[in-house]
2 protein chains.
Amino acid sequence: MPDLVARPGSEQDVIDILDWCTRAEIPVIPFGGGSSVVGGVEPRFDGPAVTMDLSRLDQVLDIDRTSRAARVQAGVFGPHLEDQLRPHDLTLRHFPQSFAFSTLGGWLATRAGGHFATLYTHIDDLTESLRVVTPVGVSESRRLPGSGAGPSPDRLFLGSEGTLGVITEAWVRLQDRPKWQLTASVTFQDYADAVAATRTIAQAGLYPTNCRLLDPTEAYLNAGAAGSVLILGFESADHPVTTALDRALEIAADHGGVIGERKERTWRSSFLRMPYQRDALARRSMIVETFETACTWDRFDAFHSAVTAAAQDAIERVCGIGVVSCRFTHVYPDGPAPYYGIYAPGRWGSTVEQWDEIKAAVSEAIIANGGTITHHHAVGRDHQPSYEKQRPDVFALALTAAKAALDPAGILNPGVLLRK
Amino acid sequence: MPDLVARPGSEQDVIDILDWCTRAEIPVIPFGGGSSVVGGVEPRFDGPAVTMDLSRLDQVLDIDRTSRAARVQAGVFGPHLEDQLRPHDLTLRHFPQSFAFSTLGGWLATRAGGHFATLYTHIDDLTESLRVVTPVGVSESRRLPGSGAGPSPDRLFLGSEGTLGVITEAWVRLQDRPKWQLTASVTFQDYADAVAATRTIAQAGLYPTNCRLLDPTEAYLNAGAAGSVLILGFESADHPVTTALDRALEIAADHGGVIGERKERTWRSSFLRMPYQRDALARRSMIVETFETACTWDRFDAFHSAVTAAAQDAIERVCGIGVVSCRFTHVYPDGPAPYYGIYAPGRWGSTVEQWDEIKAAVSEAIIANGGTITHHHAVGRDHQPSYEKQRPDVFALALTAAKAALDPAGILNPGVLLRK
């Protein structure tokens, strides 16, 4: 719990709060929707702490219809942002699962992944420029569609998780609202075939908006299906997507997939409902945890076996029984982003310790087998030990120096990314 | 001219050379193909200088066919890299105009742009992981298709132009060799219509491999054509590209374009020959200079007028007569990357001063009108004054601190990106 919550109503307020905290040497944690699942916004340290709640900065300030971009204040929540874009027939089309409970600033600070499986889905790629208040001044990058002028300033702040400054505004890249939407599911008896089909589709230059491979457990839990299920979706605001879906299904069939019904709709509403289901289970003392990661395709089989075995082993040791499921949330030409779910009965009263033990075991397997400790949830305080194993030590030196330059008093979200 | 050229044959040699230069406090300039057109590798400072020529590190060390990636030493030249990939039926498909005379390490250090107009063309997006030798240690990032674990380590080194370390290896993302290739050209009477058509195509999610809009001067010089010419190309290793080209041509026709003949070939060889033409003209004392930049679509009309006027004015002042041409090399949903050509008769003996005056005038117009001083040529020593106006000052503080941490003696390519 913070000792004080500051609610800036303007960028000048943000500057003043940082000035005050710097002079008083009081840690300050920038706070968007507070939906972090990795301890990103909790002051887990001794002494006073200020939480800077940015939710009053919630306006779309400018729309550039020609370039399809908008200047947006960082404290806006997902639905309110889309409400402000809708009259212009535009959308950011960035739908993390936390969409309703998280803000643009939070997405930027944590390098959020959107709902869509390929291309323009990560907030990194939707960022045209950033405005960031730091204790030593305001940084504003130029609005540019592309640039080769030195290392990207935006990419230093993207993923900085409140440790380098407070993101107050961004110009973000928008899209037209889709008019053509097709989806189809494919069932595979053999998971290895399903993985090979998914990889081939990811490398075919078809760019599906959805390409979610559910392993047998995930398919059973979510769809009551037997076997592995690949859910494919294509969308466009400009042209029919039949040709692309046809080709993707052809690839799937070549790998032994059985094609299900095509539908003209998307999968999004059930995706956004999933966390509610998790909360309902958690209230019944179930341990429901997810691990999201990414690895290259060549490693995937060994990676998946090792992570699944570590998770299953930890569950059985800690809870007696339970299941591990896996789905792909994003696919890249060079690898998938697997998302593991763990469902196990907890003992009432000690679920937190049980959770810690499972989390540690699975995180270790992810790092040992060449994955990333986070593909889109961020590092926060929970992933810090694994992050330190993952990142290059030399990069940590550079980041430490950059932080000391921008935040000389070390007040910004201390303990995240860098040790105090 | 450097005082000493070091030619490391191994990464250990690179480490030893950096150690020696650090101890002796002698500046060292990492050198790939030496094709920089912005003074990136010239020791324009007093005192001794070592050039580290990386061309002996020219091997593909590993191929991962499954993920379509390769571990490659940084000193390899474009053609030699593709020669080593060809037996595996893979290609990096990164073809900067300097392809034959530049190296992977140079592309990475300068954030090179490839030949293709959209999607996977910038070396940034083709980078899976980097290995960089710095004076304080070796940084190696994890091979990952995507990650949200803190700010991207690779994006700090990409574009660092030899100031933070020496890139010795990278895992790069490869592609299958294209099987379907279609190209067509469209002629427009009105340049504004051509720009609108190009923008609409760039925002349609069609992702052409070529989308080069030649303004009337460029079209006349390159193709003897009257009017503006849009050259469209589509390629795929997986599926026919007829549907995509049809739709792009439909958009072009909607904007008043007259569709020319379709052909099953690419535009690449003439593109790679262009610099030779420039050298031939330069030998005849012609001033032939190019400026490459990017801006958002909303600004383009005003930007283009201002840059063209500044260039034309400078040419007439300095050379009496001359022409300015423009083509788009890359297009993004939120803006084009215009490439300006300047052709003017120089006075033999004073062409360098004339070039400087034209360069300064056009650079100022680019910065004043919201462009980037470089979209893919890099900053080097020539663009340094403009770069300082473009980048956020706060980012410069962070970069300065990062450099001091990784290069405490300040020996790495001094004067580039940061003042000595």
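In what follows, chains carry the letters A, B, and so on, assigned in the order in which the sequence lines appear, proteins first and then strands, with residues in each chain numbered from 1. Quick caveat: nothing in here was measured; it's all calculated off a predicted structure. These values consider heavy atoms only, across backbone and side chains, with no hydrogens, waters or symmetry-generated copies.
The candidate with the highest count of non-hydrogen atom pairs below 4.5 Å against chain A, out of D125(B), L397(B), L144(B), V379(B), is L144(B). When each of A405(A), G150(A), S139(A) is checked for heavy-atom pairs under 4.5 Å with chain B, G150(A) comes out on top. Interface remark: of the candidates H122(B), E140(B), K403(B), E140(B) forms the most heavy-atom pairs closer than 4.5 Å to chain A. Annotation: maximal heavy-atom pairing with chain A below 4.5 Å, among A337(B), P336(B), A196(B), G371(B), occurs at G371(B). Considering only heavy-atom pairs separated by less than 4.5 Å from chain B, the leading option among H375(A), R391(A), Q203(A) is Q203(A). Chain B forms the most heavy-atom pairs under 4.5 Å with one residue out of E161(A), R247(A), R65(A), and that residue is R247(A). For the options G159(B), G148(B), P145(B), heavy-atom pairs under 4.5 Å to chain A are most numerous at P145(B). Top candidate by heavy-atom pairs under 4.5 Å with chain B, chosen from G380(A), A398(A), G146(A), P153(A), is P153(A). In terms of non-hydrogen atom pairs under 4.5 Å with chain A, the most contact-rich of C295(B), S141(B), A404(B), A378(B) is C295(B).
Contacts of L164(B) with chain A are absent, with no heavy-atom separation under 4.5 Å from either backbone or side chain. With a 4.5 Å cut-off on non-hydrogen atoms, L417(A) touches chain B through its side chain but not through its backbone. Neither the backbone nor the side chain of E292(A) comes within contact range of chain B; no heavy atom of the residue lies under 4.5 Å from a heavy atom of that chain. For L119(B), the part lying under 4.5 angstrom from a heavy atom of chain A is the side chain only. Within the 4.5 angstrom heavy-atom criterion, only side-chain atoms of Y120(A), from C-beta onward, approach chain B. Within the 4.5 angstrom heavy-atom criterion, atoms from both the backbone and the side chain of R155(A) approach chain B. Of the atoms belonging to L399(A), it is side-chain heavy atoms, and not backbone ones, that fall under 4.5 Å from chain B. Looking at I367(A), both its backbone and its side chain come within 4.5 Å of chain B, counting heavy atoms on both sides. Of the atoms belonging to Q390(A), heavy atoms from both backbone and side chain fall under 4.5 Å from chain B. With a 4.5 Å cut-off on non-hydrogen atoms, A204(A) touches chain B through its backbone and its side chain both.
Considering only heavy atoms from C-beta on, L158(B) stays 4.5 Å or farther from P151(A) through its side chain. Between S147(B) and H376(A) there is no side-chain heavy-atom pair separated by less than 4.5 Å. Looking only at side-chain heavy atoms (C-beta outward), T296(B) and E128(A) come within less than 4.5 Å of each other. The shortest distance between side-chain heavy atoms of T66(A) and R199(B) falls below 4.5 Å. Using a 4.5 Å heavy-atom threshold, the side chains of D64(A) and R299(B) count as separate.
With respect to R143(A) and D298(B), a salt bridge is recorded, a charged nitrogen being found less than 4.0 Å from a carboxylate O.
The side-chain contact (heavy atoms from CB on, under 4.5 Å) check on T209(A) picks up R93(A), F116(A), E235(A), with sequence neighbours excluded. Residues satisfying the side-chain contact (heavy atoms from CB on, under 4.5 Å) test with D62(A), not counting sequence neighbours, are R71(A), W171(A).
Residues of residues 129-137 of chain B that come within less than 4.5 angstrom of chain A, heavy atom to heavy atom, are T134(B), V136(B), G137(B) in numerical order. Applying a 4.5 Å heavy-atom cutoff, the residues of residues 237-244 of chain A that approach chain B are D238(A), H239(A), T243(A).
Judged by distance alone, the side chain of S67(A) and the main-chain N or O of G335(B) form no donor-acceptor pair under 3.5 Å. Here the side chain of R68(B) pairs no donor or acceptor atom with the backbone of P333(A) at under 3.5 angstrom.
The line from CZ of R173(A) to OH of Y332(B) is 8.5 Å long, rounded to the nearest 0.5 Å. Remark: Y207(B) OH to Y207(A) OH distance equals 8.5 Å, nearest 0.5 Å.
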Intermediate values then yes/no, side-chain contact (heavy atoms from CB on, under 4.5 Å), V138(A) and V394(B): CA-CA 7 Å; V138(A) 178; V394(B) 166; 5.9 Å; no

